[in-house]
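Take a look at the structure set out below.
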There are 2 protein chains.
Amino acid sequence: MKKGNLDLIKKMNRALVLETIRRDQPISRASISKKLGLSRSTVTLVVNELLEKKFVFELGLGDSTVGGGRKGMKLGFNPKSGYGVGVDIGRSNIIIIITDMDSDIVFKEIYPSTKDVERIADYISTSMSKSGVDTKRIFGIGIGVPGLVNTRSGEIIELSALGWKNFNLLEQMQPYFKCPIFINNDVNCAALGERSIDKTDNMIFLAIGSGIGSAIIANGELVEGHHFSAGEINLFVDREDTKHGRVNNSKSIGVFEQQVSGLAFEKLGYSAEFVLSNYKKGQKEIDQIIDQFVTYLSITLANMTSFLNPKKIVIGGGVSKSLNIVIEDIKHKVASLTSIPVEIELACLGSDAGALGAIAYAFDKIQTEDFM
Amino acid sequence: MKKGNLDLIKKMNRALVLETIRRDQPISRASISKKLGLSRSTVTLVVNELLEKKFVFELGLGDSTVGGGRKGMKLGFNPKSGYGVGVDIGRSNIIIIITDMDSDIVFKEIYPSTKDVERIADYISTSMSKSGVDTKRIFGIGIGVPGLVNTRSGEIIELSALGWKNFNLLEQMQPYFKCPIFINNDVNCAALGERSIDKTDNMIFLAIGSGIGSAIIANGELVEGHHFSAGEINLFVDREDTKHGRVNNSKSIGVFEQQVSGLAFEKLGYSAEFVLSNYKKGQKEIDQIIDQFVTYLSITLANMTSFLNPKKIVIGGGVSKSLNIVIEDIKHKVASLTSIPVEIELACLGSDAGALGAIAYAFDKIQTEDFM
DNA sequence: TTTGTTTGTTCGAAGTATAAACAAACTATT
DNA sequence: AATAGTTTGTTTATACTTCGAACAAACAAA
């Protein structure tokens, strides 16, 4: 627990008022006071401070109420008061996105991937200056990587694609920047990106690309597990697998991943897009491949639902674009396999999910750690 | 987020100091000050208040340090400063336990089960007065029930054993008592009871009795899911199940539960204890039954581990007592099925787990909600 | 024009933590 | 034995917070 002092309560109330204005704008000082239970005098003080720092604006007088009384001055949130930088370090590309507080993209650039930290830092600096955003207004940098991350220390535990192992990216990167940096797994980031749309407190995000991974949000928080390895559904097995002697060696590709992912199609000589776009067009072999895929995926989604009771499951990743044809199938199958209701959706954000999610992650962290 | 005012910071620091004394006793005021970053004057003020309310005691002067200096007055936590009441409402019995702040049981009584709230309240009141504990010192009552609970409203959504459905137990029960009441599912309570031993932030608790259920603790918090249904592993299915047309209807017993639980043995005409105590004693049929049980359970534990990366999985419930013979088997199988390490243990707390866990739940809630 | 209501500001009060000053208690050195 | 240096716990003055009351301004309805 945090230590309590006068500074803390000031920060708390400032964050609270700002959040209220952001969510319920336009809103008057008096309404904020009623809503939060803070006195009008306190709200006045806090709002004036926020006005001076340009976090909020006065929008003009509000409507008159029945029964008379002075009109309230409506306050609005300034989305340009802060910016976040999202960096998605992928196997081939590095995507850098800068958004304002409304998550509107103000800058985006794609660079070739590299494991050279100085160069990555240079990419980020370049993007920041190219965007024209005032550096002081950037609240943080979020970085998503396709590997295992110790989010507390900022250490990359394992990232085979770039050859990083037990490498503290945070310590290497932080000296280049004044604002705080936050690093997480790319799937976790993507999940937070999807979540930022509707703020669901309980959801599961599936990323189906050449491999398969997942991220879990429970009680409004990312579930990272004891050693940051939560979500490794590529390792799932079932009785049929064990019957055929399929197990997870540390070297081999996960048992589930071999059957449900883009890789599974490629092993059979097809691309995911090809197979899925030719579903139910007379080719028995293809239909069978898809049926197996849908069945095993649906069973897994049903079990996830029974286990965690998420409000919804979002399916993203490269393959998800082609999944429209079978999504209704999947929904029906899941509903037949568990009595617990769940919404199943395809992801909204496309290839930007990682970078946008990294920003969402950075913002989440700052809000909970520091208030502002 | 909570509103910040002067009262809040007082509460926070008071809770912080008390927690520190409790965990690091014996400890002096100066050490607390250093540890928490609070000034010595603040610590003095807070400690004197805690002394007056008998939450802590002065234990005497500490050892002298090298280099001189006044000896510090060592402070110790008073476990008798607070008591919790745990109520485990089962199908046949109601177990009521009262513990002090060290989780030492000071009173225990078992009553026949009933759905009559007034009678249950009377059981609790009777236990409280019989125990001789000062009512003012009781910080809360925790109640565990074998059914679905809305822990926010206190409503029992479904409890078939007692015929409760959409029944607000909290509203009915609260008028009988001055201290706050908290209600949760019995498996969730048992999980918290097991957790209170070593304070693991990421664990899964399995209750294998006549049925099977689970509770999940992630990021130090109970995962309840979107509609308080998390942990319903009785509904798990796999490809072999679907191949044989086994699905989860709302009426029938869960597919997984039919194969891995006490019920599964009973269906074959055996008791769980009998089967497990006769394992590998020459009876082929029994060996086969157990092997299937162990295999499916291990696969499930491995998948849970891959999915949530818990520090440990604790297996409790009525059947767990007989599981000693196969626990090593299970550990080996799980390790071969997932590359993510996990500790697997049998539960320590026996039939008291529910009631003790209910106290742990109540204490958890009070600490996070109210600080004190 | 008057009355009652609502909004936002100002000011004193109450309460918090903190640093600095201080007294007490102790060790080590001379 | 005396002294210096160190640590502990308390006291005091200060700075800061929120809050309630009082107030003026702005408005609707009678």
Side-chain angles (χ1 to χ4, degrees), chain A residues 1-17 20-21 24 26-52 56-76 371-372, chain B residues 1-17 20-21 24 26-52 56-76 371-372:
Chain A
M1 196 194 299
K2 254 180 107 91
K3 169 179 97 170
N5 59 28
L6 288 172
D7 211 46
L8 176 76
I9 73 179
K10 187 71 188 276
K11 273 185 183 170
M12 284 177 70
N13 289 336
R14 193 163 42 201
L16 214 50
V17 168
T20 305
I21 294 176
D24 299 333
I27 187 172
S28 68
R29 290 169 176 79
S31 302
I32 295 170
S33 163
K34 273 177 204 155
K35 189 167 183 108
L36 297 180
L38 292 165
S39 67
R40 288 207 308 277
S41 35
T42 302
V43 174
T44 291
L45 255 57
V46 173
V47 166
N48 288 352
E49 198 184 323
L50 293 174
L51 279 169
E52 199 172 344
V56 300
F57 288 135
E58 288 189 334
L59 301 173
L61 294 176
D63 296 332
S64 54
T65 43
V66 222
R70 176 174 166 181
K71 289 174 182 169
M73 173 59 73
K74 295 297 178 182
L75 301 163
F371 296 123
M372 183 129 313
Chain B
M1 198 192 300
K2 252 178 108 91
K3 169 179 97 170
N5 60 31
L6 289 174
D7 214 46
L8 178 75
I9 72 179
K10 190 69 188 277
K11 273 185 183 173
M12 285 176 70
N13 290 337
R14 194 164 40 198
L16 215 49
V17 169
T20 305
I21 294 175
D24 300 333
I27 187 172
S28 69
R29 290 169 176 81
S31 303
I32 296 171
S33 163
K34 273 178 204 152
K35 186 163 185 116
L36 298 179
L38 290 165
S39 67
R40 287 208 308 277
S41 32
T42 302
V43 173
T44 291
L45 255 55
V46 172
V47 165
N48 288 352
E49 197 185 323
L50 292 175
L51 279 170
E52 198 172 345
V56 300
F57 287 136
E58 288 190 334
L59 301 174
L61 293 176
D63 296 332
S64 54
T65 44
V66 220
R70 175 174 165 180
K71 288 174 182 169
M73 174 57 74
K74 297 297 179 184
L75 301 163
F371 297 120
M372 183 142 315

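Note: hydrogens, waters and symmetry copies are ignored here, and every other heavy atom, side chains too, is used. Sequence lines set the chain letters: A, B, ... in the order given, protein chains first and strands last, and positions in each chain run from 1. Since this is a predicted model, take the numbers as computed values, not measurements.
Using a 4.0 Å cut-off, some side-chain N or O of B:N13 falls inside it from OP1 or OP2 of C:dA17. The side chain of A:N5 contributes no N or O atom lying less than 4.0 Å from OP1 or OP2 of D:dC16.
Each of B:L75, B:N48, B:L38 was scored for a side-chain contact (heavy atoms from CB on, under 4.5 Å) with B:V43, with one residue passing: B:L38. Each of A:V46, A:D24, A:I27 was checked for a side-chain contact (heavy atoms from CB on, under 4.5 Å) with A:I32, and the lone residue meeting it is A:I27.
The separation between A:M12 atom CE and C:dT16 atom C1' is 15 Å, rounded to whole Å. The interatomic distance linking B:I9 (CD1) with D:dC19 (P) rounds to 12 Å, in whole Å. Going from atom CG of B:L16 over to atom C1' of C:dT16 covers 15 Å, rounded to whole Å. Across the protein-nucleic acid pair, B:L38 atom CG and C:dT16 atom P stand 14 Å apart, rounded to whole Å.
For A:T20, the side chain to side chain donor-acceptor pair (under 3.5 Å) test picks out no residue, with sequence neighbours left out. With sequence neighbours left out, A:T42 forms a side chain to side chain donor-acceptor pair (under 3.5 Å) with A:S39.
Under the 3.5 Å distance criterion, with hydrogens and angles disregarded, no donor-acceptor pair is assigned to the side chains of A:S41 and A:T44.
Of the charged side-chain nitrogens involved, none lies within less than 4.0 Å of a carboxylate oxygen, so that B:E58 and B:K74 do not count as a salt-bridged pair.
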A correct 5'-to-3' footprint of nucleotides 7-15 of chain C, with B, S and - meaning base, sugar-phosphate only and no protein heavy atom under 4.0 Å, is BBBB---BB

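Across all strands shown, D:dA30 pairs with C:dT1; the Watson-Crick or G-U wobble distances both stay below 3.5 Å.
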